[in-house]
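Here's the structure we're looking at; comments come further down.
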Amino acid sequence: DIGVTGVQTCALPILLSMALDIEQPICSDPYGKIEIEAVEGSIGPFDYRINGDELPSSDLQIEFLDAGVYEVVVEDSYGCLLSQEVIIKDLPILKLGIENSSLIEEGEEYQVAMQLNFDESTISSIEWSPAIDISCVDCLEPVLSPEEYRLYTVEVLTEEGCVVEHQLQIFVRDDRRSEEHTSELQ
């Protein structure tokens, strides 16, 4: 909820104010919403507009808003106007900063180093698969120790319902197999 004073146009000494409820897009609901909750400081009836479109006084909300700038205007019975600009933000694009592939020697381990473009405290679950040769399947930075090529997938779910996924290929160099293959060629 936001109490708004905004830009007011009025010849009378009236101080209009309105309370807005603004919901920004989240992954589980990718659209924004603006609701005019209350208007104070003058006498109605009031006229309400968002980006020039009138709202019926029985339904002072507009839903399914794409990202953008919206102008909320209230006009009282004296013709006094209160205007407030509201910004609906773009849906966040979440990314896992992690390599796509790595080459390790047979018997070596690979420590995953993860960088996030969002707050780690918003993570509700982490799942690595397959759950083979991995130190933990529910942490951001496990240690991987495959004995042969393996494709790992990590899926991260946030509290807002956002899911972000990444795949990591681990190639394992086996010097014995390389030597055998080389001797077969000779």
Please indicate whether Tyr31 has more than 12 foreign heavy atoms, meaning atoms of other residues, nucleotides or ligands, lying under 6.0 Å from its OH.
no
Quick check against the 3.5 Å criterion: does Ser77 have a side-chain atom that pairs as donor or acceptor with the backbone of Ile43?
yes
Using the salt bridge (Lys or Arg N to Asp or Glu O under 4.0 Å) rule, collect all pairs that involve residues 53-74, keeping only residues at least two apart or in two chains.
none
Less than 4.5 Å apart, any side-chain heavy atom of Tyr149 and any of Leu103?
no
For the backbone of Ile87 and the side chain of Gln24, can you confirm whether one donor and one acceptor N or O come within less than 3.5 Å of each other?
yes
Could you state the interatomic distance from OG1 (Thr153) to CD (Gln167), rounded to the nearest 0.5 Å?
4.0 Å
Give me each pair satisfying disulfide (SG to SG under 2.5 Å) with a member in residues 16-59, each pair once, sequence neighbours excluded.
Cys27-Cys162
Determine whether Ile26 and Leu65 fall in the same hydrophobic cluster, where Ile, Leu, Val, Met, Phe, Trp and Tyr are linked whenever their side-chain heavy atoms lie under 4.5 Å apart.
no
Check this for me: Glu120, atom CD, are more than 12 non-hydrogen atoms of other residues, nucleotides or ligands nearer than 6.0 Å?
no
If I compare all heavy atoms of Pro142 with all of Cys136, which pair ends up nearest, and what's the gap?
CB-O, 3.5 Å
Residue pairs, two or more places apart or on separate chains, that pass salt bridge (Lys or Arg N to Asp or Glu O under 4.0 Å) and touch residues 86-104:
none
Do Tyr152 and Pro146 have side chains that get closer than 4.5 Å, going by heavy atoms?
yes
Are Phe171 and Leu144 linked, directly or through intermediate hydrophobic residues, by side-chain heavy-atom contacts shorter than 4.5 Å (ILVMFWY only)?
no
Please report the interatomic distance CG(Leu140) to CD(Gln115), rounded to the nearest 0.5 Å.
11.5 Å
Taking all non-hydrogen atoms of both residues, which atom of His166 and which atom of Ile98 are closest, and how far apart?
CD2-CG2, 2.8 Å
Tell me whether Asn117 contacts the main-chain N or O of Ile93 through its side chain, where contact means a donor paired with an acceptor under 3.5 Å.
yes
Side-chain touch Tyr70/Ile22, heavy atoms, less than 4.5 angstrom:
no
Scanning both residues in full, the closest heavy-atom pair of Glu106 with Val172 reads CA-CG1, 3.6 Å
In this structure, CG of Asn51 is separated from CD1 of Ile34 (nearest 0.5 Å) by 7.5 Å
Within the structure provided, determine whether Val164 and Thr158 are in side-chain contact (heavy-atom separation under 4.5 Å).
no
Once you round to the nearest 0.5 Å, how far does CG of Asp174 lie from CD of Glu105?
9.5 Å
Distance from Asp138 atom CG to Ile123 atom CD1, nearest 0.5 Å?
11.5 Å
With the 4.5 Å side-chain cut-off for hydrophobic clustering, are Met114 and Leu168 part of the same group?
yes
Spacing of CE belonging to Met18 relative to OG belonging to Ser42, to within rounding of 0.5 Å:
13.0 Å
Got more than 12 heavy atoms from elsewhere within 6.0 Å of CD, Glu127?
no
With a 4.5 Å cut-off on side-chain heavy-atom distances among I, L, V, M, F, W and Y, is there a chain of contacts connecting Phe118 to Val163?
no
Side-chain contact, heavy-atom cut-off 4.5 Å: Leu116 with Leu96?
yes
Which atom names give the shortest non-hydrogen contact between Pro130 and Arg150, and what distance separates them?
CG-CD, 3.7 Å
Polar side-chain atom of Trp128 near backbone of Cys139 as donor-acceptor pair, under 3.5 Å
yes
Considering all heavy atoms, the nearest Pro25-Ile88 contact:
CD-CG2, 3.8 Å
Can you check whether Asp133 reaches Ile170 side chain to side chain, under 4.5 Å on heavy atoms?
no
Val86-Ile50 co-clustered via ILVMFWY side chain contacts under 4.5 Å
yes
Can any side-chain N or O of Ser145 pair as donor or acceptor with the backbone N or O of Glu109 at less than 3.5 Å?
no
Would you mind reporting whether Ile36 and Phe46 have side-chain heavy atoms less than 4.5 Å apart?
no
